[in-house]
Amino acid sequence: MVELLVLQFLPLLGALIVLLFPKDKKETAAILALVTALLELLFVFLLLPQKLTVYLGLGLGVTMVLSFDYLTAIVLIVLSFACAYSLLYSLRKPLEHERSPSFYSLILLVLFGTVGVALARDLIQFYVFWEAMLIPAWALVVNWNEDPKKVRYTGLKFFIITHIGAVLTLASILWIYSTLGTTNMFVLQDLLPKLPVSTLVWMAALFFMAFIVKLAIFPFHTWLPDAYTTSSMPVTLVLVGMMTSVGIYGFARFLPFFPREALLKLSLPFLIASLVNMFYGGAMALAEKNAKRMIAYSSMSQMGYVLFGFATLVPLGISGSVFNIMNQAVTKLVLFTSVALVAESASTWRLDELGGWAKRHPFAAVCASAAMLSLLGAPPVLGFWPEFLTFSGGFASSNYLVASLALVASVLTAAYGLRLVRFVFFGPLQKEHEGSVIRPPWNTSLALAAGLLIMIIFGIYPGPAFQLVRGALNLLGIQVGG
Amino acid sequence: MNKEMIPLLLLIVPLAGAALVPLLNFFASRAVPLFSVFVGLVTAVIGFFLLGQIGAQAASFEWLPGVLKTGFQLDTLSVVPALIATWIGFLVLIYSLGYMKHEENLSRYYSLTLLFIASMIGMSLADNFLSLFFFWEVMGVCSYALIGFFYKDPKAASAGVKAFLTTRIGDIGLLAAILTIYAFTGTFSISQGLAEGSKIALPLLNFIAFGFILGAVGKSAQLPLHVWLPDAMEAPTTISALIHAATMVNAGVYLLARVYPLLSLVPSWLVVIQWIGALTALLGSLLAAFHNDLKRILAYSTISQLGYMVFAVGVGGVFASQFHLFSHAIFKALLFLCAGAVIHELKTRDIREMGGLQKFMPVTGTTFLIGALALMGLPVLNGFFSKDMILEEGLIAGSWGPLIVAALAALLTAYYSLRTTAVVFWGKRRTSAHVKEAPVVMTGPLTLLALGSLVSWVLVGPLTTSWIRTGLEAPHIDWLELLRETFSSTAFLITVCVIVLGFLIFYYRRNLGWLKGKIPAFFKAVSVGLGFDILYGWLSQQIYATSNLLSTFFEEKVMEGINRATGEGSVALSISSRKMQTGDLHWNLLYIVVALLIILGLILW
């Protein structure tokens with residue numbers, strides 16, 4: 001019982017302590033925040049083999065239900081890793097005057113909210129944490145933004161669009177509550193199949209809206225490019241590594257929650273939406289002249305693959321998407337960070353002003369290439385396995401046409417991925433950058449090295465990671481493979 | 001040592017080498033080349049032990065729990081490409097000691113080369129389609145990275161991208177085929193998949209065959225996806241020799257041979273394969289005959305020779321295709337490495353600036369001649385026997401159309417082999433550069449490969465003996481019988497005719513100069529590679545343009561417009577509705593009464 005409470009409230013505690021630090025002690029605050037995230041990560045690993053559930057009465061008839069299973073463990077590992085990664089990345093910025101203890105506190109609050117989402121087994125509780133995670137994220141986007149002209153608009157867009165998704169989910173939750181009289185997911189698991197399929201289809205469709213928006217599925221994607229691009233890098237990393245993972249987790253958690261008959265009706269619309277995302281996001285990324293925005297759109301296009309895997313409704317496809325919780329986070333973190341390293345040295349994100357940086361930043365070039373390969377699903381890096389599983393889900397569910405189109409979209413992914421690396425790292429270096437000696441800061445290199453190792457080790461030997469994915473799905477009643 | 005572990009060891013040694021090279025680079029960067037050669041040597045030695053394992057069972061283990069159990073398939077079909085990779089890879093590594101001596105970033109070069117060797121071994125020995133695809137893709141990645149090795153050169157950078165994207169088109173076909181088989185049989189195992197293939201319904205079988213062919217066409221640079229290979233010549237010449245001549249480009253042919261039992265269920269696709277192969281052979285030899293860039297000539301020649309192999313699979317001569325693959329790997333690696341030695345000295349790839357080099361580079365010149373003669377198929381070099389076998393298979397199958405095209409290509413091959421040798425090594429010097437023979441680390445591998453080109457066909461005996469295990473038909477002959485059969489075959493006549501004709505064209509080539517004025521359109525088309533690049537360039541421009549239009553118009557105007565309109569609409573709505581809050585009692589009363597009336601109406605209705 002205590003374990004789960006520690007898991008849930010450690011980030012909150014960390015956030016409070018960090019907040020109490022005076023402004024001139026921000027380095028200590030940063031390190032403390034990092035330690036909190038790492039402790040959380042360690043704690044998840046310690047808890048890993050177990051399966052725990054805790055009921056926590058809060059008075060007024062409100063009961064919190066916290067539960068820890070493999071799926072939660074996967075997302076918690078990714079979340080605390082991404083949180084630690086972002087904090088590690090932002091360590092070296094003590095010089096920037098505006099970075100205060102509240103910045104680190106807010107990041108920990110995002111972690112608190114996302115951990116709450118991952119542990120919640122009560123729909124209302126789930127919703128509360130979902131909102132609790134959006135607010136600090138919004139504060140981060142608005143306050144640590146690099147584009148003062150657009151910041152209000154970006155922040156508003158980010159909040160309103162994500163909020164619309166959340167509210168639709170809330171509507172579904174209330175609908176479920178008013179029909180079945182409970183929001184406890186364990187109880188609902190048995191009750192839901194008794195409802196007519198026609199009702200369930202709409203309930204599920206409404207419910208998934210929060211995740212659809214979070215994954216930036218067309219046409220609800222417009223918040224993403226601006227939020228990712230105008231935010232300062234650590235915030236972008238938080239959005240990429242944490243918010244997206246929670247979005248994918250939402251799908252993974254609630255796909256087995258709703259009865260299969262209802263989901264079958266949603267399969268085709270979701271498949272089509274995912275195809276649109278792949279091609280639309282890919283086209284946007286291909287046309288983009290700004291490297292950061294290009295990676296942002298690539299994220300959108302990748303989420304098409306994630307949705308695709310879920311929408312196939314077959315174990316292989318779903319396992320691919322759950323695997324993608326890990327893959328997408330690591331890949332995007334490394335890709336953003338390595339290109340950001342160059343962008344900071346060159347003081348520009350524009351592709352036509354970059355080039356030849358493999359010479360100045362060889363390690364970043366290696367990391368970016370590996371992440372790019374992972375993005376387009378090429379071995380021997382991590383991305384190969386989820387992508388292959390996703391596609392095999394498409395074929396296993398006999399959606400030959402859709403699956404073939406998704407394969408074609410992967411050529412588009414390759415096109416913009418290769419384009420990005422080529423324009424940033426290959427070709428001749430700009431004259432003004434020739435002489436300068438640039439040493440990447442140690443913390444960025446460390447973060448990149450960690451990401452690179454994960455991508456390559458699990459790319460060559462995905463066994464342990466996939467075993468966890470399999471175990472997670474097994475607990476949810478989905479049997480992957482023989 | 002446990003014998004079951006030999007194939008695993010063969011895979012892991014170069015893989016570990018690839019991983020250790022960057023680490024070694026930290027401590028002792030100068031030791032990197034020698035260390036890599038050492039790894040190559042160990043791999044090559046283990047390769048010898050693999051020979052004894054043909055037909056043996058190998059250990060298997062779980063790669064992706066519950067989904068993929070992987071192991072090794074050890075038959076002649078798979079062992080030959082793996083051994084080509086280890087041995088030619090080893091020779092290329094030695095050669096690199098000299099050739100790459102003065103380059104930067106050698107750890108990247110050697111690491112990727114070792115990784116490539118490992119993945120070629122993994123690809124050919126894989127006993128299931130998914131491992132095959134995994135290593136197939138890793139090869140593509142290595143090829144991309146090594147083509148772009150001189151990344152500062154924009155040409156090299158874009159050639160890498162082009163190679164990756166073009167082969168990627170093929171790869172999705174291959175993946176689609178593999179996943180369709182998996183969806184039906186529930187296994188990635190190659191042998192089971194092929195055995196149960198006959199149960200798959202015909203439309204899907206067509207789809208699968210198409211996917212496999214697309215994959216092979218992309219990787220083996222066949223029509224119409226051949227465009228990446230000439231551009232890939234921006235890679236260091238050692239890489240062109242290893243990856244783009246001797247090993248990776250063979251993967252497509254190997255794949256077709258491997259899945260031949262499935263392809264033979266849909267004969268119409270076999271006809272397509274014949275035509276693809278024959279036309280590619282013709283196109284490659286035609287373009288090779290008119291090019292002046294030494295490496296591109298060899299690249300087109302590779303395309304053309306791969307066309308022969310594909311053609312051979314199409315007419316059912318699977319063994320012939322693999323036999324030619326074996327010969328070609330040796331003599332084409334030889335030709336490329338000779339070209340490398342020349343380019344290394346002269347710093348140019350244009351053959352018009354070469355000439356008369358035989359005197360200064362006798363070893364390189366002589367070995368190049370041997371390679372060129374093997375390429376044109378002169379008796380009794382290895383290319384002669386394997387090409388003859390292919391033509392003979394074509395005759396047996398009676399597919400006259402593709403066969404005539406292939407024979408025409410053979411004629412052009414004879415011509416351009418002689419032309420290239422003559423322009424580069426014979427005649428008078430056209431450069432004043434100081435030229436000297438390559439060092440021993442480079443000429444050593446050349447000599448060995450030249451020896452191989454002379455005698456490798458003798459191995460036909462052991463190759464056919466063990467071939468039976470592949471489950472495919474093959475003649476069971478030793479080298480004496482091969483000699484007898486080849487010289488008494490009808491195909492031998494064709495070979496003689498085309499070589500003589502090719503020689504005559506070569507001899508009287510100056511007298512044929514008037515042709516250029518007669519058919520200028522033809523020469524113009526040839527000079528731009530028959531326009532494939534132009535077409536594909538235009539297509540990709542269209543994709544960019546569409547993306548740009550979507551981005552600048554739809555995304556920025558329409559989607560953002562909706563956002564802004566929603567925002568401004570709600571502001572406007574709130575401003576206008578604010579007027580209702582007048583605070584005037586009269587108006588408030590009016591609202592109350594209207595509201596009450598509406599409620600009343602609802603109740604009554």
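Proteins come first, then strands; the chains are lettered A, B, ... in the order of their sequence lines, and each starts at number 1.
Around the CZ atom of B:F554, the shell of radius 6.0 Å holds more than 12 heavy atoms that belong to other residues, nucleotides or ligands.
Looking only at heavy-atom pairs under 4.5 Å with chain B, the residue among A:S404, A:A403, A:G377, A:A415 that has the most is A:A415. For chain B, the option among A:L286, A:L376, A:I456 with the highest count of heavy-atom pairs below 4.5 Å is A:L286.
In this structure, chain A has no heavy atom under 4.5 Å from any part of B:I562. Only the side chain of A:I161 comes within less than 4.5 Å of a heavy atom of chain B; its backbone N, CA, C and O stay farther away. In this structure, the portions of A:S392 lying under 4.5 Å from any heavy atom of chain B include both its backbone and its side chain. At a 4.5 Å heavy-atom cutoff, the contact between B:F188 and chain A is made by side-chain atoms alone. Proximity to chain B (any heavy atom under 4.5 Å) is shown, for A:L429, by neither the backbone nor the side chain. The part of B:V141 that comes within reach of chain A is its side chain, from C-beta onward, which places non-hydrogen atoms under 4.5 angstrom from that chain. Residue A:L156: no heavy atom, backbone or side chain, is found under 4.5 Å from chain B. In this structure, the portion of A:P225 lying under 4.5 Å from any heavy atom of chain B is its side chain and not its backbone. Proximity to chain B (any heavy atom under 4.5 Å) is shown, for A:K359, by both the backbone and the side chain. Neither the backbone nor the side chain of A:F279 comes within contact range of chain B; no heavy atoms are under 4.5 Å apart. There is no contact between A:Y416 and chain B, counting heavy-atom distances below 4.5 Å. The contact between A:V421 and chain B is made entirely by side chain atoms (from C-beta outward), counting heavy-atom distances below 4.5 Å. With a threshold of 4.5 angstrom between heavy atoms, B:S119 does not approach chain A through any atom at all. The contact between B:F184 and chain A is made entirely by side chain atoms (from C-beta outward), counting heavy-atom distances below 4.5 Å. At a 4.5 Å heavy-atom cutoff, the contact between A:L373 and chain B is made by side-chain atoms alone. If you measure heavy-atom distances from B:L549 to chain A, you find no contacts under 4.5 Å at all.
Within the cation-pi definition used here (under 6.0 Å to the ring centroid, within 45° of the axis), B:R564 qualifies as a partner of A:Y153.
Remark: of the listed residues A:Y461, A:F388, A:F384, A:F384 is the sole one forming a ring-ring contact (aromatic ring centres under 6.0 Å, His included) with B:F134.
Side-chain contact between A:K289 and B:N548 is present, with at least one heavy-atom pair separated by less than 4.5 Å.
Note on ring orientation: taking the six-membered ring where Trp is involved, the planes of B:F207 and A:Y400 are perpendicular (angle over 60°, cut-offs 30° and 60°). Aromatic ring pairs are classed by plane angle as parallel below 30°, tilted from 30° to 60° and perpendicular above 60°; the pair A:F426 and B:Y144 is tilted.
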Step-by-step side chain to side chain contact (heavy atoms under 4.5 Å, CB included) determination, B:E560 to A:T222
CA-CA 7 Å; B:E560 278 300 281; A:T222 50; 3.9 Å; yes
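Looking at B:W63, its side chain does come within 3.5 Å of a backbone N or O of A:I460 through a donor-acceptor pair.
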